[in-house]
Amino acid sequence: MKQVFTPPYRQYPRLKLLIGLMLSLIAAIAVFITPAAATGVYDLPQLNAGSSTWVVDQAEVISLANENKLNNSLKSLAKNTGNEVRFVAIRRLNYGETIDSLADSLFSKWYPTPEEQTNQTLLIVDTLTNSTAIRRGEAVKPVVNDEVADSIVNESVAIPLRDGGQYNRAFLITSDRLVAILSGKPDPGPPAAQEINIESTFTSAEETDDQSATVWVVVLLVLATAIPMATYFWYVR
């Protein structure tokens, strides 16, 4: 009589269960550690002139308390002067995209007409590379001129980011500087490098996030090994 080959996992239900558990845990780990999706202009929310959203933190690098500070400052600026400033933080750019091309596209998408653009300022940070771009409307350019805009990108944002990825500090410093300039006050200038290099006894939010992610990966790897083994020995017993 002809024999039909039956795979081992069909002959042994325990083995089938064990394989299923291992595959499920491996899939869960893969989802957890897969890099965040890249961001293009259509992955960001649709805003416009007059929107009540001032900070779009898709990279999750700004603490809730500091995001509230930024929102309050930028809301007051818009109410008192008509100048609107928005900050965007993303995890990484789409393939083939640059920080400048994204800034151009997003500025045009959010403010499609010259009238809507005139009092707008947009600053974008890609946290993977720490590349930064700023865009200004025509009414803003005489106040935040090219020299000041370059200083904001290369000093106000870049100095804190070079010193351990201090995103909260970078956005707060940039906000204070833009609010002062656009309110007609003297430019406070960029932060001094030595001011940013002061060591803190507190763990930064970015360091805490990295440590937490590492702990979760280790825990999941341990579970991926321990649970199938425990299940197997329980069934064998």
Side-chain angles (χ1 to χ4, degrees), residues 54-78 80-93 98-104 106-107 117-207 209:
W54 308 101
V55 179
V56 178
D57 181 20
Q58 288 199 341
E60 298 180 351
V61 292
I62 306 173
S63 69
L64 180 59
N66 286 325
E67 188 169 337
N68 287 334
K69 288 181 183 178
L70 293 169
N71 281 323
N72 291 334
S73 296
L74 300 179
K75 179 180 178 181
S76 295
L77 174 68
N80 295 331
T81 69
N83 292 306
E84 297 185 359
V85 176
R86 290 183 174 83
F87 294 139
V88 176
I90 64 170
R91 293 187 186 277
R92 64 187 180 98
L93 294 160
T98 67
I99 194 67
D100 286 310
S101 65
L102 178 61
D104 289 337
L106 190 59
F107 195 72
Q117 294 176 2
T118 186
N119 292 315
Q120 302 296 331
T121 301
L122 172 66
L123 185 129
I124 305 179
V125 176
D126 166 30
T127 60
L128 179 64
T129 61
N130 285 341
S131 55
T132 306
I134 188 172
R135 294 295 180 269
R136 301 151 292 153
E138 291 302 318
V140 176
K141 288 180 180 179
V143 183
V144 183
N145 58 39
D146 291 345
E147 182 179 355
V148 173
D150 288 341
S151 175
I152 288 172
V153 169
N154 297 314
E155 295 177 295
S156 297
V157 177
I159 290 176
L161 298 192
R162 283 198 300 265
D163 189 43
Q166 298 181 29
Y167 294 97
N168 285 278
R169 188 70 182 275
F171 281 108
L172 289 171
I173 288 174
T174 302
S175 173
D176 290 344
R177 189 173 182 186
L178 284 170
V179 167
I181 296 171
L182 293 171
S183 297
K185 299 176 182 178
D187 180 3
Q194 61 268 25
E195 175 188 351
I196 302 300
N197 288 328
I198 297 174
E199 293 186 2
S200 172
T201 57
F202 298 97
T203 303
S204 69
E206 292 75 27
E207 290 171 343
D209 290 343

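Note that the structure is a prediction, hence the values are computed from the model and not measured.
Checking side-chain atoms of N72 against main-chain N and O of N68 turns up a donor-acceptor pair under 3.5 Å. Checking side-chain atoms of N80 against main-chain N and O of S183 turns up no donor-acceptor pair under 3.5 Å. The backbone N or O of F171 sits nowhere less than 3.5 Å from a side-chain atom of S175 that would complete a donor-acceptor pair. Side-chain N or O atoms of T81 include one that pairs as donor or acceptor with a backbone N or O of L77 at under 3.5 Å. In this structure, the side chain of D57 engages the main chain of I62 through a donor-acceptor pair within 3.5 Å. The backbone N or O of I90 sits less than 3.5 Å from a side-chain atom of T127, completing a donor-acceptor pair. In this structure, the side chain of Q166 engages the main chain of D163 through a donor-acceptor pair within 3.5 Å.
Screening L123, L74, V140 for a side-chain contact (heavy atoms from CB on, under 4.5 Å) with V85, the sole residue that qualifies is L74.
Residues R91 and E60 form a side-chain contact, since some pair of their non-hydrogen atoms from C-beta on lies under 4.5 Å apart. Side-chain contact check for E84 versus T121: every heavy-atom pair is 4.5 Å or farther apart. At least one side-chain heavy atom of L178 sits less than 4.5 Å from a side-chain heavy atom of F87.
Residues that satisfy the salt bridge (Lys or Arg N to Asp or Glu O under 4.0 Å) test with R177, not counting sequence neighbours, are D187. For N154, the side-chain contact (heavy atoms from CB on, under 4.5 Å) partners at least two apart in sequence or on another chain are D150. With sequence neighbours excluded, the residues satisfying side-chain contact (heavy atoms from CB on, under 4.5 Å) with K141 are R136, E138. The side chain to side chain donor-acceptor pair (under 3.5 Å) test applied to N130 returns Y167, not counting sequence neighbours. Not a single salt bridge (Lys or Arg N to Asp or Glu O under 4.0 Å) links D176 to another residue, sequence neighbours left out.
Heavy-atom minimum distance, S73 versus V179: O-CG2, 4.2 Å. Nearest approach of A180 to P188, heavy atoms of both residues: CB-CD, 3.8 Å. Here the closest non-hydrogen pair linking S63 and N168 is N-OD1, 2.8 Å. Heavy atoms only, all atoms of each residue included: W54 and A78 are closest at CH2-CB, 3.5 Å. A pairwise comparison of heavy atoms in L122 and A103 identifies CD2-O, 4.1 Å as the closest pair. Of all heavy-atom pairs between L182 and V144, the closest is CD2-CG2, 3.9 Å.
In the model, D104 has no side-chain atom that pairs as donor or acceptor with a side-chain atom of S101 under 3.5 Å. Donor-acceptor pairing under 3.5 Å is recorded for the side chains of Q120 and R86.
Every pair tested for salt bridge (Lys or Arg N to Asp or Glu O under 4.0 Å) that includes a residue from residues 121-132 fails, sequence neighbours excluded, so the list is empty.
Rounded to the nearest 0.5 Å, atoms OG1 (T98) and CG (L93) are 7.5 Å apart. The distance from atom CG of N83 to atom CD1 of I181, rounded to the nearest 0.5 Å, is 11.0 Å.
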Take I173 and R169 through the test side chain to side chain contact (heavy atoms under 4.5 Å, CB included) and record every step on the way to the result. CA-CA 6 Å; I173 288 174; R169 188 70 182 275; 3.6 Å; yes
Assess whether side chain to side chain contact (heavy atoms under 4.5 Å, CB included) is satisfied between V88 and V125, documenting all intermediate values. CA-CA 6 Å; V88 176; V125 176; over 6 Å; no
Full working for side chain to side chain contact (heavy atoms under 4.5 Å, CB included) between I124 and T132: CA-CA 6 Å; I124 305 179; T132 306; over 6 Å; no
